[in-house]
Amino acid sequence: ASGIIIIRDEPGKVPDYISKAPVIQLSVNHLPLNHVFAFGTQSCVNDAMLNPVLSGSEGNYSYDSYNPTTEDSGLLWVNGMTNPLVPLKQGTWYRLRVVMASPLFASWINLDEAIGRFGCQFRLLAKDSIYILDPLRNISRLLLAPGGRSDLMLKCDEVGTMQLKSGRPAGRPAGYRSEVWDGVMWQFDVAAAASPLPRAPLPAFTTQR
């Protein structure tokens with residue numbers, strides 16, 4: 001299991017529209033079953049301890065579909081749930097904090113549908129709890145490495161439900177740096193606001209280091 005540790009910003013370090021925005025925390029846990037089973041079959045005194053094998057001192061590996069050249073998605077849950085529905089209010093800016101708690105897999109989330117169909121904006125603030133030099137950068141992809149964290153500002157202007165999916169980008173071969181989770185991560189459900197909110201962009205600010 002894993003969780004998120006939040007280090008609060010010092011007063012005045014970030015503008016109020018960021019520090020006082022409603023926060024959504026998503027702790028993504030991933031268990032790559034294929035790899036766990038394979039590692040479990042080998043001896044703890046094996047010279048190739050860090051390489052998965054199909055047999056060892058504790059018995060043979062019996063999972064017939066194991067293939068080290070392909071991805072096994074394994075199990076993924078977000079805040080303890082599979083494919084959870086995360087509620088949003090139309091036109092409201094949120095601070096989204098996400099951690100990818102996987103020992104081996106990354107997630108590569110395509111945001112094009114959310115941007116194109118639901119008028120969402122994703123503005124990157126920080127990676128691994130360090131503010132980037134050009135905060136509030138527009139992004140259309142969210143890459144989370146194993147153990148990686150991202151902070152971003154999020155707003156959606158259209159009502160509806162969307163799936164946030166991860167998958168290997170075209171041209172990236174299997175085994176490139178990290179395996180990539182292939183499937184739905186979570187869903188955003190955007191509810192109508194009681195009254196229309198202004199669609200002005202977020203003001204820029206300068207990172208203080």
Side-chain angles (χ1 to χ4, degrees), residues 4 14-15 17-18 21-28 30 71 73 76 78-79 83-102 105-193 196-207:
I4 301 177
V14 297
Y17 58 82
I18 294 175
V23 177
I24 299 172
Q25 298 179 15
L26 299 179
S27 178
V28 182
H30 175 247
E71 295 179 17
S73 293
L76 183 139
V78 180
N79 294 351
N83 192 17
L85 195 65
V86 180
L88 302 176
K89 184 68 71 174
Q90 178 188 27
T92 298
W93 281 105
Y94 294 86
R95 183 167 185 171
L96 178 64
R97 299 180 185 263
V98 189
V99 60
M100 182 65 182
S102 172
F105 278 53
S107 61
W108 194 299
I109 304 173
N110 187 322
L111 305 174
D112 287 342
E113 180 185 18
I115 295 170
R117 289 187 56 195
F118 296 92
C120 299
Q121 295 184 50
F122 298 87
R123 300 295 192 89
L124 185 63
L125 276 175
K127 298 287 287 184
D128 294 331
S129 299
I130 300 174
Y131 285 103
I132 62 175
L133 292 176
D134 54 340
L136 301 180
R137 180 200 310 162
N138 268 311
I139 60 172
S140 59
R141 304 286 187 276
L142 179 59
L143 174 61
L144 293 165
R149 293 157 291 170
S150 285
D151 276 29
L152 51 152
M153 296 296 290
L154 158 70
K155 177 173 75 79
C156 295
D157 290 327
E158 303 300 331
V159 174
T161 302
M162 72 199 83
Q163 292 184 328
L164 279 292
K165 299 178 181 178
S166 170
R168 181 175 303 284
R172 302 275 181 161
Y176 176 80
R177 298 194 178 183
S178 324
E179 299 299 336
V180 175
W181 163 264
D182 186 13
V184 176
M185 304 281 290
W186 65 83
Q187 301 179 75
F188 282 135
D189 184 36
V190 185
L197 297 174
R199 298 190 178 189
L202 287 178
F205 79 97
T206 302
T207 299

| query | Taking atom CE of Met153 and atom CG of Leu96, what is their separation to the nearest 0.5 Å? | reply | 10.0 Å
| With Glu113 via side-chain hydrogen bond (donor to acceptor under 3.5 Å, both in side chains) - residues at least two apart | Arg117
| field | Donor-acceptor contact present, side-chain Gln90 to main-chain Ala193, <3.5 Å | value | yes
| message | So Val98 and Met185, do their side chains get closer than 4.5 Å, heavy atoms only? | response | no
| Qualifying disulfide bond (SG atoms under 2.5 Å apart) pairs, either residue in residues 118-152, two or more places apart | Cys120-Cys156
| query | Just by distance, do the side chain of Tyr131 and the backbone of Thr206 share a donor-acceptor pair under 3.5 Å? | reply | no
| request: For the residue pair Arg168 and Asp182, establish whether any side-chain heavy-atom pair is separated by less than 4.5 Å. | output: no
| request: Could you list the residues that satisfy salt bridge (charged side-chain N to carboxylate O under 4.0 Å, His left out) with Asp189, not counting sequence neighbours? | output: none
| message | How about NZ on Lys127, more than 12 heavy atoms from neighbouring residues, nucleotides or ligands closer than 6.0 Å, or not? | response | yes
| said: Within the structure provided, determine whether Leu125 and Phe205 are in side-chain contact (heavy-atom separation under 4.5 Å). | reply: yes
| task | Give a yes or no answer on whether the side chain of Ser166 reaches the backbone of Trp181 with a donor-acceptor pair at less than 3.5 Å. | result | yes
| Reference residue Phe122; test side-chain contact (heavy atoms from CB on, under 4.5 Å); the match among Ile115, Ile109, Leu142, Asn138 | Ile115
| field | Shortest non-hydrogen contact between Ser27 and Val99, atoms and distance | value | CA-CG1, 3.7 Å
| So, do Val28 and Leu144 sit near enough that their side-chain heavy atoms are less than 4.5 Å apart? | no
| request: Check the pair Leu154, Leu88 against side-chain contact (heavy atoms from CB on, under 4.5 Å), reporting the backbone distance first and the verdict last. | output: CA-CA 10 Å; Leu154 158 70; Leu88 302 176; 4.0 Å; yes
| request: Starting at CG of Leu85, measure out to CZ of Phe188 and round the result to the nearest 0.5 Å. | output: 10.0 Å
| Between CG of Leu76 and NE2 of His30, what distance do you get to the nearest 0.5 Å? | 6.0 Å
| Any side-chain heavy atom of Val190 sitting closer than 4.5 Å to one from Met162? | yes
